[in-house]
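In what follows, chains are A, B, ... by sequence order, proteins preceding strands, each numbered from 1.
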Number of protein chains: 2
Amino acid sequence: MGPTADEEGPRDPPVTVKLSDIADEAGVSVMTVSNVMNGKRAKVSPATIERVLAIAARLGYVPNIPARSLAAHRSHIVAALVPVGENNSLLVSPHTVAVVGGMETHLRHRGYHVLLRGIEHDDQVAQTVRGWSLDGVVLVEFPDEQVDRLEVAGVPVVAIDSYAANPRVVGVRSDDHEGGRLAGARLAAAGHRRVLFAGPPYRGMGVVGRRWAGFRAACLEAGLRADDVEAREVLTSFEDGRRLGLRLRRDHPQVTAVFATADHLAVGLMAGIAEAGGSVPGDVSVIGFDGLDLSAYTTPGLTTVAQDMPAKVAEASRIMLEQIEAGRGLDAPAREPVSLGVHLVERGSVGPPR
Amino acid sequence: MGPTADEEGPRDPPVTVKLSDIADEAGVSVMTVSNVMNGKRAKVSPATIERVLAIAARLGYVPNIPARSLAAHRSHIVAALVPVGENNSLLVSPHTVAVVGGMETHLRHRGYHVLLRGIEHDDQVAQTVRGWSLDGVVLVEFPDEQVDRLEVAGVPVVAIDSYAANPRVVGVRSDDHEGGRLAGARLAAAGHRRVLFAGPPYRGMGVVGRRWAGFRAACLEAGLRADDVEAREVLTSFEDGRRLGLRLRRDHPQVTAVFATADHLAVGLMAGIAEAGGSVPGDVSVIGFDGLDLSAYTTPGLTTVAQDMPAKVAEASRIMLEQIEAGRGLDAPAREPVSLGVHLVERGSVGPPR
DNA sequence: ATGAAAGCGCTAACAA
DNA sequence: TTGTTAGCGCTTTCAT
């Protein structure tokens with residue numbers, strides 16, 4: 001049941017303006033006021049609406065969210081769920097930040113609220129949905145295997161950057177295969193014949209698998225030999241990129257260009273290469289993925305496959321709202337996943353092979 | 001009353017395990033179960049506790065948060081409030097991210113939840129507190145003037161990076177004056193006699209004012225002439241830093257070192273200087289503030305005054321929980337603000353004057 | 001140590 | 001168009 005937080009007293013019943021106060025003043029029933037406050041104005045005469053609204057404003061009415069949630073079995077809350085790892089902390093990546101912050105904005109404008117919650121065990125997802133009468137769930141940074149394991153019913157679920165097969169979940173991601181292609185094509189076009197793909201370990205065709213597939217395909221189409229398109233597993237951090245950069249010459253002496261699956265990684269890679277006495281793009285070309293601000297801050301700037309984050313966030317929000325307001329219950333199958341376009345941002349870290 | 005989000009149907013009353021189900025099974029009253037579930041175990045016999053807990057686990061009981069909030073007038077929710085600007089979006093800075101993400105972790109472990117909410121008007125703060133029966137509020141990125149304007153009563157309020165005078169609010173921030181001193185002393189020690197402070201416009205002695213005061217004091221103590229410690233207003237972004245870097249030579253020909261109040265700004269500054277043909281630290285030394293990862297990614301690395309973010313987050317969480325569990329109502333004055341230590345991280349962007 | 005009664009503020013369903 | 005009735009699932013208070 002999770003940790004309990006109590007042991008201290010209740011709070012004094014607050015002095016609060018409630019529907020019945022407005023109803024009394026206006027000489028109407030509570031239900032009429034309720035209908036007005038909820039925009040169900042078809043059921044109320046314009047005159048009454050105006051009167052009720054005026055009184056509500058004068059009294060400073062603020063709806064009681066828990067009461068509304070309890071009675072209606074829906075909360076107007078969408079939870080942003082993020083798996084917590086070892087360190088137990090969340091909101092690590094700039095990408096996640098953009099998603100959560102952006103969705104809050106979209107949802108707020110439509111009268112919804114965002115609960116931010118770290119998930120320690122799979123069960124907590126369903127528990128959170130039930131316990132809060134959630135209207136929807138956004139899964140951020142969940143690995144596909146975990147998304148597939150989840151059993152959530154009755155609420156729309158949108159998973160960011162997921163290719164999971166779970167039919168109850170709508171994946172919203174960038175076109176990772178195309179992104180890989182762009183990177184591969186760019187490097188091949190620059191003349192590189194020995195290239196390296198650097199990304200985290202993966203199973204199946206998720207985000208990373210697709211980037212690799214697209215990258216490889218584009219390279220082969222451009223005439224590179226299969227053996228000359230290598231892949232190297234590294235974690236997605238500046239530090240891991242730096243380490244790879246330091247030993248790149250030794251471990252991959254023939255390679256003249258690297259595609260890193262994240263800007264952080266790519267920037268670390270550039271730093272490591274520089275530290276080892278190499279130059280970018282003189283000795284090695286580097287291309288990243290994401291299009292974070294970060295990629296403009298380095299010297300040289302990082303050429304990268306940029307995701308359209310605002311579009312991704314907008315799309316995720318749109319789908320979420322659409323499904324909520326369509327009252328997607330236990331029944332209807334989730335809609336089709338969405339892949340958003342990517343494009344190459346040229347900044348200077350790609351040049352001809354040495 | 002804000003936008004309304006309805007017009008579509010209610011949801012089916014979910015099949016839910018409730019306290020009364022457990023009570024029936026266990027042959028005890030609902031209250032006993034409630035007491036067990038809330039850890040008020042002093043009031044229940046060990047045997048009963050065990051039995052109830054077993055049944056609850058078997059049935060898969062999940063507490064209904066809205067019901068509990070409604071009845072108890074407290075929600076176990078702490079809202080992280082962030083003012084929204086023109087773009088209406090939030091969670092922009094890495095700093096905010098660290099705060100919100102970190103607090104979620106701390107609070108979750110104590111049984112609390114985090115509601116993330118953008119604030120458009122001052123009123124929304126008090127409304128959110130009432131409407132949700134919030135247990136606490138964290139203000140992030142609120143300017144001091146706004147914090148002082150807020151009228152929140154009955155719940156603990158912690159404001160990050162605030163020096164506001166509002167007695168109901170506990171400020172948690174780094175020791176900005178000391179941070180300014182560290183920067184000034186470092187530049188002076190390197191031999192610089194003409195230095196520039198670059199930061200956003202400010203009124204009164206907030207974060208920026210204190211950094212400036214500390215910087216100036218340290219410079220003067222080190223023997224610089226008052227006229228040679230200039231201040232320049234720029235917004236806190238990479239782009240604004242870059243622009244300043246581009247025109248630095250023209251606008252401030254005598255200046256040999258710059259203290260920028262944020263790493264983003266400083267990194268942009270370095271980029272601008274490089275773009276204009278200058279070198280860091282050869283022509284101009286640069287020192288930043290924050291200690292973001294970012295500062296390690298540049299070439300040269302950015303010397304910066306680092307904040308202890310984990311400590312800041314831990315402290316803010318600690319104070320929040322302490323005040324909640326002390327039942328800080330309308331009465332008690334808020335406790336003393338907290339300033340956390342800072343330290344200099346040397347990376348290479350500071351050298352002797354040209 | 002345990003229970004009974006009452007109600008938190010709101011909405012669904014039905015009636016008028 | 002408006003009102004009435006009956007809860008939602010839980011906690012409080014007061015009794016036993």
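- A close approach under 4.0 Å does occur between a side-chain nitrogen or oxygen of B:Ser45 and OP1 or OP2 of C:dT2.
- Side-chain contact between B:Leu150 and B:Val157 is absent, with no heavy-atom pair separated by less than 4.5 Å.
- Contact annotation: A:Thr32 reaches the phosphate of D:dG3 (side-chain N/O to OP1 or OP2, under 4.0 Å).
- Straight-line distance from the CG atom of A:Asn64 to the C1' atom of C:dT11: 13 Å, rounded to whole Å.
- Looking at A:Arg173 and A:Val338, their side chains never come closer than 4.5 Å, going by heavy atoms from C-beta outward.
- Atom CG in B:Leu70 sits about 12 Å away from atom P in C:dT11, given to the nearest Å.
- Looking at which nucleotide of DNA chain D each of B:Pro66 and B:Asn35 is closest to, the 5′-most match is held by B:Pro66.
- The pair B:Glu315-B:Lys312 fails the salt-bridge criterion, with no side-chain N (NZ, NE, NH1 or NH2) lying under 4.0 Å from an Asp/Glu carboxylate O.
- The residue among B:Gly27 and B:Ala71 whose nearest nucleotide of DNA chain C lies closer to the 5′ end is B:Gly27.
- Residue-level contact check: A:Ser69 touches neither bases nor backbone, having no heavy atom under 4.0 Å from any strand.
- As judged by a 4.0 angstrom heavy-atom cut-off over every strand, B:Val30 is placed among the base-contacting residues.
- One can place CD1 of B:Ile65 at 11 Å from C1' of D:dC10, the figure rounded to the nearest angstrom.
- Counted by atom type alone, B:Arg108 and B:His106 present zero donor-acceptor pairs between their side chains at under 3.5 Å.
- Atom CD1 of A:Ile22 is separated from atom P of C:dG9 by 13 Å (rounded to the nearest Å).
- Rounding to whole angstrom units, NE2 of residue B:His76 and C1' of D:dT11 are separated by 12 Å.
- An OP1 or OP2 oxygen of D:dT2 is reached within less than 4.0 angstrom by a side-chain nitrogen or oxygen of A:Thr48.
- Distances shorter than 4.0 Å separate some side-chain N or O of B:Ser34 from OP1 or OP2 on D:dT11.
- The separation between A:Lys18 atom NZ and C:dG9 atom P is 4 Å, rounded to whole Å.
- Between A:Arg68 atom CZ and C:dC8 atom C1' there is a gap of 16 Å when expressed in whole angstrom units.
- For A:Val28, counting side-chain heavy atoms from C-beta on, the closest listed nucleotide (D:dG3, D:dC10, C:dT2) is D:dG3.
- The listed nucleotides are C:dG3, C:dG9, D:dT4; the one nearest the side chain of B:Ser29 is C:dG3.
- Side chain of B:Gln124 to main chain of B:His121: a donor-acceptor pair is present (N/O by atom type, distance under 3.5 Å, no hydrogens or angles).
- Side-chain proximity of A:Met31 to the nucleotides D:dT11, C:dC10, C:dA13 is greatest for C:dA13.
- Protein atom CZ of B:Arg51 is 15 Å distant from nucleotide atom P of C:dA1, rounded to whole Å.
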